[in-house]
Each structure stands twice: as C-alpha cells, then as structure tokens.
Visitor: 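This structure is in structure tokens; I'll ask about it shortly.
Sequence lines set the chain letters: A, B, ... in the order given, protein chains first and strands last, and positions in each chain run from 1.
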Amino acid sequence: MSSSQWLAVRKNLPAKPRAMVAFFSFLLPITIWCLVSYVPFLWHPMVEIQDKGGVAYFKSGMLVERELFEQERLTAIENQLQPPSGIRTNPIYLPAPHEVAVALYTSFTTEPKRRSEKWLHESLWESIQVIFWGFVLSSLFGVPLGILAGTYDFFSRLFEPFIEFFRYLPAPAFGALAVAILGIYHQPKIAIIFIGTFFQQVLVIANTTRKLDPSLLEAAQTLGAKNKALLFKVVVPGVLPDLYRDMRILLGWAWTYLIVSELVGTSSGITWFITQQARYKNFDNVFAAIMIIGIIGLSFDILLALIGKKLFPWQKAQ
Amino acid sequence: MTPIVLPSYLDQSAAVKDRFDRLKQRPVSLEVKHLHKHFDSAGGQVTALQDINFKAYKREFVCVIGPSGCGKSTLVRILAGLETPSSGSVLLNGKAVTGPGPDRGMVFQGYTLFPWLSVKRNVMFGLIEAGHGKTTAEEQALQWIELVGLSRFVDSYPHQLSGGMKQRVAIARALANQPQILLMDEPFGALDPQTRAKMQSHLMEIWKNIDITVVFITHDLDEAIYLADRILVLKAHPGEVNEVIEVSVPQPRDPSQLLSDEFLATKRRLEELIHPEDDGDELATDKLNMVRMVHVNDQVPSVF
C-alpha cells in the first residue's frame, strides 16, 4: 500500500490493515514501556545496591540515585575501601510490564494486610456499585429531562439556562456538602457521580434530540400524529440510537468521577485500594488497579456497542 | 433551420375540451383564496407568495410549476398545514385548513420514512393514529403495500430499499389514511430518469383507480405536462400565479405522447413562462465571464 492509501481522507482502510493499526495503538505504548523498563541505557536513573561495599549507609536492595552512587563509589575507592556494586534500575514508581502483569493476578489472590481491609475484588465491586447507582439515578432524571428540553422549547428555556450554569460548578467541590448531608458511606459518592453526570447528560441529550430530522415530525403530523404521539412515537424512537451512543460516552465520564467520589468520606473501592497500595509502595499493584479500571471500562463499552447493534437493526453499519 | 410549426397550446380537441368542461362541473376539492405568505428575514420582509387563488376539482391532477424561489414548496406546505399563511385561506371541501391532518396526505422529496419502522409498520403508522386496531391496520397496510408492489419487502427497513421503493412506501403510507387530497412536494426529484418515469406511470395508475385529488409540485416541465390535467404556473419574486394551463394532451396519457404536437406546444409555452427571453436586470449578472479567458496552447482549439 502506498502512503496515499494509508492516509486517504475520510476513507476506511481495508479490513486487514485497519485491524493491524488498531493493534498498534496498544502495541505502541506497551513497546515504549518495555523499552524504558528493559533497556538499561535508555533511562534507569537509579541504582539498586547489591553489595554495599564500604559505604556505611547503603543496604542491599536499596535504591539510590545514580550520581550519588557514583560519588560514593569514587569516595570509597579514594579511601581504599571496597567499592559498592549495584545494577541500574528504574525508580520504584515505574514497575516493569512483567511485574504489573504478575500483579494483575496476584493482587486478586493476595490477602489484605489487615483483617479489616478488603480484597481487591471486594473493592472493585464497591466501585462498580457506586458507578452503577450514580449513573442510573442520573439517567433516570437526565434522559427524560433531556428529551423534553430537546422537544419543547418551554422545557428547554425552563431547565437549560440553570443547568448551563450548574455544569460549570466542579462536582468534587460538593464533596464536603454531600458528606454533611448524606453521611460518609456510599451515598455522598453516588451523589458526586450524579452531579458530575446529570447536568452534562441533560444538555447532551437535549442537543441530540434537537438533531432529529424535523421532516419526520412533519410527516408524522400529516399522518395524523398529535402532540403525545409525536413525542413517544417519533421523537423517542427517532433519537434512541443516538441517545444510546451518548449514554456510552456519558458512562465513560461517570468513570472519571469515580476516583474523586471515592476519596469523599471514608475512602473506599478501587481508589482506597490504590492509595493503600501506594502507601505500601506496591506500585505494581497500583498500576494493576489502574489497568483494571481501564479494562473494565473498555470491555463494558465494547459490550454496549455490540448490544446497540442488536437493539437498533435499522442503523446502517458504521 | 425552419422552426417546427406547432399548434397553439390553447387548441384543444373536442374530446379534451369536453373533458375539461365536465371536470369543471365536478365539486371543488381544494380552494385557495387570496393566499399571502411573508417571511421575516434579516434584510426585511420577504413576500414568498402573493395573492394566490386557485381551485382543484375532485379527482383532478394539478401540477404546480415555477422557477426556483417562486414559493411552490411553501404553497404545498401551507396546503398541508405545516405552515400558516400570513393572510388568506385554504378550504378543503369547503372547510378551512388550520393545521396538518390525515385528510391531506403528503409525500416529501426526502422520503421521510421512519427509519426505525419496517415497511409494514411505516404504512400502519397513520392507520394506528386514526384509531384502527392493530389487526385491521396491518390488514389494510398490507393491501396498500401490495398496491405499490412491495409485498416482498413488508418486513424490510427503509435503509434496505432503493430510492424509488422508498418513495412507493411513502405514497402507500400517505394513501393508507384515505386522504381526500394527496400533496406531493417534488416527490421524484431525487430519482434517476428511468426510475422517475416508472414512478410517474405508477402514480398515474394509482390516481386513475383511487378517489383522490393530487397536487403535485415539480420543476420538471415534461413531468408536469405528462401528469397534469391543469398546470399552475408560478412566477418568482413575489410568488404569484402566472397562468393556469389546461393541458391539451388527451387523457389517458402514455409515454408516446411526449413528442406529440400538443405536448410540445404546451412545453414551449411553459418554457416561455418559466424562462422568459428577456430576463430583466436581475438575472443579467448571472452569466459567466468567459471572454476573459486567454487561450494558450490549447490542444484542441475549438469544441466545434
């Protein structure tokens, strides 16, 4: 394939190269990570001490910066002591891919350090519940309001100016308030996700509803459809596929509010796991947990996309 | 070249004359009285339609034709009740039209089928709204679909159909409510010539067999002459009735008449009305300035 075929404006690549490029989109960052982790001269700013030699304060397994190590080694040689030895390594906050891969498994199988603490899968389950309830509550109100605002100018004028204002207020700023009103457990967290999602949701769905082809409404009117039938038999089914796509995007936004919401009140869920593991300097576990969030989010989105194809057979293949 | 000598478009054979006499004895289906439509635009008020008056008799086929900007789409939208006139009235069987309703079926250029409904459900839509039960609605819908020859596609979705098929569904959907009048806004404008010709004869066939008056908007002169009993010719800026032409081509029509004397005479008259020789100042600027092109090294010096 020539370069003009790879970069044709608004044309899909043939199936095989297309899948290949998508594969590269994951392969590329992983390759960079591997290079930085396994090729010593690329970065590796630290030295892991193997033999402390004549340096009193070095310990085997300790990480020191390369310059310091070099300095101490020269001093040791000068003072005719045994020079320390060590291997170059990355800082502790950047574990190598294989370590994270192992952690992805062991973080589920490792018993919590204290009896009161939760297993990873328990933390994850908490997080998923918080997201679920936050998103469901938001949608319960946001979707009908959005459709009403997109259909009737009256509701658009009634809701949208205030919502436009409110959506600029950062959801995390309501954390203290939410705790004061709703206590310290799940409720304030759900409230934060609700606040973060709801206001955007109303506006996004109202806009999607407004994009419905007005000639469909006209056609329905000439066929005898009146107000209520227009709303429930034309507007709602007409915007459903786009609305479903909006919901997928909004669910992604809800996930981004998860971490903040879980720091409110008693920290819990996957965020608690991450902060706790960071405290123990188990950064491989931290990375594993972050990736688990990504994997859950992406697989859920792919699942919803597949369900969408089944739900809306009249949508042309994209 | 000697010009082809054609009879006047006003010359009607005895049979045609007799038919028009009888046609005008029929009850009036649609009457438009002193219809005006103004739009507010940034540059002030624009008059889209000015003092439109016409009558369509029962089971008559009326075509509305005119240059772009003459407000023919606005007119049909007012007839459908989708827009309100600034003044004047539209009467359907003597009753004033106030808004859209199932007594006036409408077919749009853009098909406007509901993409989430199958062909059958699209046709059932109006029947259900009219209060028919599901089974009767389905039964009737299937008959209308059969009438337009799409029985094989009852469960297809609109995106699986070709343009001509979509428009046939749209016609079936509009007819299913058994409206008194069928309004068509350039319905075949987006179709290729072969499909368009086929659709025209389908429509004639339907019109002959169903008790319905048709108001058909088009910008295609041949289409207007081929289909219409009478043609309402509009002119632009402001949109006014220029002339109402009684088409002298005998009914029933068939494609062999497209080159008949009556047909060509009517077409010549329409050409005069719609593309007058003296365009006036307004259109004088609407020309290419090819004189400025300098020919250098043209491989072929002239196209002639």
Visitor: I need the residue from B/A170, B/G110, B/A176, B/P102 with the largest number of non-hydrogen atom pairs under 4.5 Å to chain A.
Guide: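 Of the options given, most contacts go to B/P102.
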Visitor: Would you say the side-chain atoms of A/Q201 and A/S138 include a donor-acceptor pair closer than 3.5 Å?
Guide: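 Note: A/Q201 and A/S138 side chains meet the donor-acceptor criterion.
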Visitor: Do you know which of B/L117, B/L183, B/N177 has the most heavy-atom pairs under 4.5 Å to chain A?
Guide: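 Option with the top pair count is B/N177.
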Visitor: Heavy-atom pairs under 4.5 Å with chain A - which of B/S156, B/G99, B/P100 has more of them than the others?
Guide: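 That would be B/P100.
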Visitor: Please check if any side-chain donor atom of B/T112 sits under 3.5 Å from a side-chain acceptor atom of B/R173, or the reverse.
Guide: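 Yes, B/R173 and B/T112 have a side-chain donor paired with an acceptor closer than 3.5 Å.
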Visitor: Could you tell me how the ring of B/Y157 sits relative to the ring of A/W314: parallel (under 30°), tilted (30 to 60°) or perpendicular (over 60°)?
Guide: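 It falls in the tilted class, 30° to 60°.
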Visitor: Find the one option among A/A229, A/P241, A/A219 whose heavy-atom pairs under 4.5 Å with chain B are most numerous.
Guide: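 Highest number of pairs under 4.5 Å: A/A219.
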Visitor: What do you reckon, are the aromatic ring centroids of A/F162 and A/F199 less than 6.0 Å apart?
Guide: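 No, the ring of A/F162 stays outside the 6.0 Å limit from the ring of A/F199, centre to centre.
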Visitor: How are the rings of B/W207 and B/F61 set relative to one another: parallel (under 30°), tilted (30 to 60°) or perpendicular (over 60°)?
Guide: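 Judged by the thresholds at 30° and 60°, the geometry between B/W207 and B/F61 is perpendicular.
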Visitor: Of the backbone (N, CA, C, O) and the side chain (C-beta and beyond), which part of B/L127 lies under 4.5 Å from a heavy atom of chain A, both, or neither?
Guide: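 Nothing of B/L127, per the 4.5 Å heavy-atom cut-off to chain A.
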